[in-house]
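Chain identifiers are assigned alphabetically (A, B, ...) following the order of the sequence lines, protein sequences preceding nucleic acid strands; residue numbering begins at 1 within each chain.
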There are 2 protein chains.
Amino acid sequence: MNSYPTRWTKQMKVVLDIVYDGKSPITADQVYGLARKQMPRISLGTVYRNLNRLVVSGLISESKVGTVQCFYPHPYSNTHLECRVCGRLYSVPFDLSLHQVAKETGLTLDGYELRLKGVCKECASRCI
Amino acid sequence: MNSYPTRWTKQMKVVLDIVYDGKSPITADQVYGLARKQMPRISLGTVYRNLNRLVVSGLISESKVGTVQCFYPHPYSNTHLECRVCGRLYSVPFDLSLHQVAKETGLTLDGYELRLKGVCKECASRCI
DNA sequence: CATAAAGTAGTAATGATTACTATTATGAAT
DNA sequence: ATTCATAATAGTAATCATTACTACTTTATG
Ligand SMILES: [Mn+2]
Ligand SMILES: [Mn+2]
Ligand SMILES: [Zn+2]
Ligand SMILES: [Zn+2]
């Protein structure tokens, strides 16, 4: 499973377009909801299969948020604060130089995801 | 759920000791297996509850590896390469200065997890 | 000791994701 | 265009890590 796609199907195009049109990360279930408007008989399994194949092919990227997989157009990079108390994720304006990291590690990279671990302000103010 | 612990129970101590004694990340199920040797009637739910409370309290840390939660002694930092083709994680010898990141972002941090996205050497050599 | 509430054991439920199977669509070769 | 092998799909069932539930037990505190 999660193999590289060899045939360009209508279902794959619908899924790709939905992820590309979105402004923010989208879940498989949300893609499914939107896809059914254009293609009412598409199945959830097909949505998952195509999302995973698009990730393998490098056209979109994914990341787990809590228990669910989220999908983004293109390879991307981001930084989050992950609160160990409430578990919430906060976007943090911090950028890493992917070029620098690629040079130092000798790897060819598409993007990164930096998860900073700590306690958010709201939880800290409750001084648990 | 996942509340801050207020009572120090035998079960919590057993769970904490197992995580601290381990050399590498351990799953809830593995902790459960080891805990039953000392405490045969401990339940899996209790293991999960205590692991999550220990995370909230900051004594241990967690990270999702694939579909499963893994637990580590103390807050920690690490860098991985995540292959978009085979999905495997590879440890990468790259260090970020947590002090520097904390200073730049204004956050108080316990650790970080840097996930580099790309294609591993094995998958790249298959030139998919 | 007495009491309140936090924690536990055992079990059932959840829910996102994957697996399965009969059928259909695709693309290359004839 | 027709044939043919096989990749992909629809619909559904299964998986499985994690959480929820409930009656009972343990802990802390006066
Ligand atoms: Mn958590
Ligand atoms: Mn994946
Ligand atoms: Zn928080
Ligand atoms: Zn790989």
Side-chain angles (χ1 to χ4, degrees), chain A residues 1-19 25-57 59-71 84 86-87 89 128, chain B residues 1-19 25-57 59-71 84 86-87 89 128:
Chain A
M1 43 124 177
N2 281 16
S3 54
Y4 192 81
T6 61
R7 290 178 186 178
W8 188 250
T9 65
K10 300 177 200 107
Q11 289 86 346
M12 186 156 83
K13 178 161 173 40
V14 167
V15 168
L16 179 61
D17 286 347
I18 288 170
V19 176
I26 191 170
T27 66
D29 210 60
Q30 291 171 322
V31 172
Y32 179 52
L34 294 170
R36 287 166 77 180
K37 293 183 179 177
Q38 307 171 45
M39 191 178 270
R41 311 199 64 83
I42 194 173
S43 75
L44 182 56
T46 295
V47 171
Y48 270 104
R49 194 180 319 109
N50 281 298
L51 285 168
N52 284 322
R53 288 199 276 226
L54 290 166
V55 169
V56 170
S57 74
L59 288 171
I60 68 177
S61 55
E62 68 171 332
S63 112
K64 272 254 167 67
V65 175
T67 59
V68 303
Q69 224 173 342
C70 282
F71 298 90
R84 71 163 189 256
C86 65
L89 288 182
I128 319 191
Chain B
M1 44 122 176
N2 280 16
S3 55
Y4 192 81
T6 62
R7 293 180 184 177
W8 188 251
T9 65
K10 300 179 201 106
Q11 288 85 349
M12 187 156 84
K13 178 162 173 41
V14 167
V15 168
L16 179 60
D17 285 347
I18 288 170
V19 176
I26 190 168
T27 66
D29 210 60
Q30 292 171 323
V31 172
Y32 179 52
L34 293 170
R36 287 167 77 183
K37 293 184 180 179
Q38 308 171 46
M39 192 179 269
R41 309 199 66 83
I42 195 173
S43 75
L44 182 57
T46 294
V47 170
Y48 270 104
R49 195 180 318 109
N50 282 298
L51 285 168
N52 285 321
R53 288 200 276 227
L54 290 166
V55 169
V56 170
S57 75
L59 288 172
I60 67 176
S61 55
E62 67 171 333
S63 112
K64 273 256 167 63
V65 176
T67 60
V68 302
Q69 224 174 342
C70 282
F71 299 90
R84 69 163 191 255
C86 65
L89 289 181
I128 317 190

Colleague: Can you tell me how far the CG atom of A:Asn50 sits from the CZ atom of A:Phe71, to the nearest 0.5 Å?
Modeller: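 CZ of A:Phe71 is found 11.0 Å from CG of A:Asn50.
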
Colleague: Measure NZ/A:Lys64 against C1'/C:dG15 and give the value in whole Å, please.
Modeller: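 Distance check: A:Lys64 NZ to C:dG15 C1' gives 13 Å.
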
Colleague: Please state how far atom CG in A:Asn50 lies from atom C1' in D:dA8, giving the value in whole angstrom units.
Modeller: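 In whole Å, D:dA8 C1' lies 8 Å from A:Asn50 CG.
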
Colleague: So, does A:Gln69 get its side chain near the phosphate of C:dA16, meaning an N or O under 4.0 Å from OP1 or OP2?
Modeller: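 False: A:Gln69 side-chain N/O out of range (4.0 Å or more) of C:dA16 OP1/OP2.
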
Colleague: What is the minimum heavy-atom distance between B:Thr27 and B:Cys70, and which atoms define it?
Modeller: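 Heavy atoms of B:Thr27 and B:Cys70 come nearest at CG2-SG, 4.0 Å.
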
Colleague: Does NZ belonging to A:Lys64 count more than 12 external heavy atoms closer than 6.0 Å?
Modeller: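 Yes.
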
Colleague: Please name the pair of heavy atoms, one in B:Leu44 and one in B:Ala28, separated by the smallest distance, quoted to 0.1 Å.
Modeller: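 Heavy-atom minimum between the residues: CD1-O, 4.3 Å.
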
Colleague: Does C:dT18 have its OP1 or OP2 closer than 4.0 Å to a side-chain nitrogen or oxygen of A:Tyr48?
Modeller: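 A:Tyr48 to C:dT18 OP1/OP2: no side-chain N or O under 4.0 Å.
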
Colleague: Tell me: NZ of A:Lys13 to P of D:dA8, nearest whole Å?
Modeller: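 These atoms are roughly 18 Å apart.
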
Colleague: Does a nitrogen or oxygen in the side chain of A:Asn52 sit under 4.0 Å from OP1 or OP2 of C:dT17?
Modeller: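 Looking at the OP1 and OP2 atoms of C:dT17, neither is under 4.0 Å from any side-chain N or O of A:Asn52.
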
Colleague: Side-chain N or O of A:Arg53 versus OP1/OP2 of D:dA8: is the shortest distance under 4.0 Å?
Modeller: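 For D:dA8, OP1/OP2 do have a side-chain N/O of A:Arg53 under 4.0 Å.
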
Colleague: For nucleotides 21-29 of chain C, read 5' to 3', which letter fits each nucleotide if B means a protein heavy atom sits under 4.0 Å from the base, S means only the sugar-phosphate is that close, and - means neither?
Modeller: ----BBS--

Colleague: Compare the minimum distances between each of D:dA8, C:dT17, D:dA10 and the side chain of A:Thr46, then state the nucleotide with the smallest one.
Modeller: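 So the nucleotide nearest the side chain must be D:dA10.
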
Colleague: Starting at atom CZ of A:Arg49, determine the distance to atom P of D:dG11, rounded to an integer number of angstrom.
Modeller: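 Rounding to the nearest Å, CZ of A:Arg49 and P of D:dG11 are 12 Å apart.
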
Colleague: Can you give me the closest heavy-atom contact between A:Ser43 and A:Tyr32, atom names plus distance?
Modeller: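 Shortest heavy-atom separation between A:Ser43 and A:Tyr32 comes out as C-CE1, 3.7 Å.
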
Colleague: Does anything in residues 28-43 of chain B come within less than 4.0 Å of DNA chain C? Heavy atoms only, and list the residues if so.
Modeller: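 Those residues are B:Arg41, B:Ile42, B:Ser43.
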
Colleague: What is the distance, rounded to the nearest whole Å, between atom CG of B:Leu44 and atom P of C:dA13?
Modeller: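 Between P of C:dA13 and CG of B:Leu44: 17 Å.
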
Colleague: Which atom names give the shortest non-hydrogen contact between A:Met12 and A:Arg7, and what distance separates them?
Modeller: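 What the structure gives for the nearest pair is CE-O, 3.7 Å.
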
Colleague: side-chain contact (heavy atoms from CB on, under 4.5 Å) between A:Leu54 and A:Val19: does it pass, once the steps are laid out?
Modeller: CA-CA 10 Å; A:Leu54 290 166; A:Val19 176; 5.8 Å; no

Colleague: For A:Ala35 versus A:Ile42, what's the shortest heavy-atom pair and its separation?
Modeller: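 Here A:Ala35 and A:Ile42 meet closest at CB-CG2, 4.1 Å.
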
Colleague: Taking A:Val56's backbone N and O only, do any of them form a donor-acceptor pair with B:Arg84's side chain (distance below 3.5 Å, no angle check)?
Modeller: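 Indeed, once roles are kept as given, a pair shorter than 3.5 Å links the two residues.
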
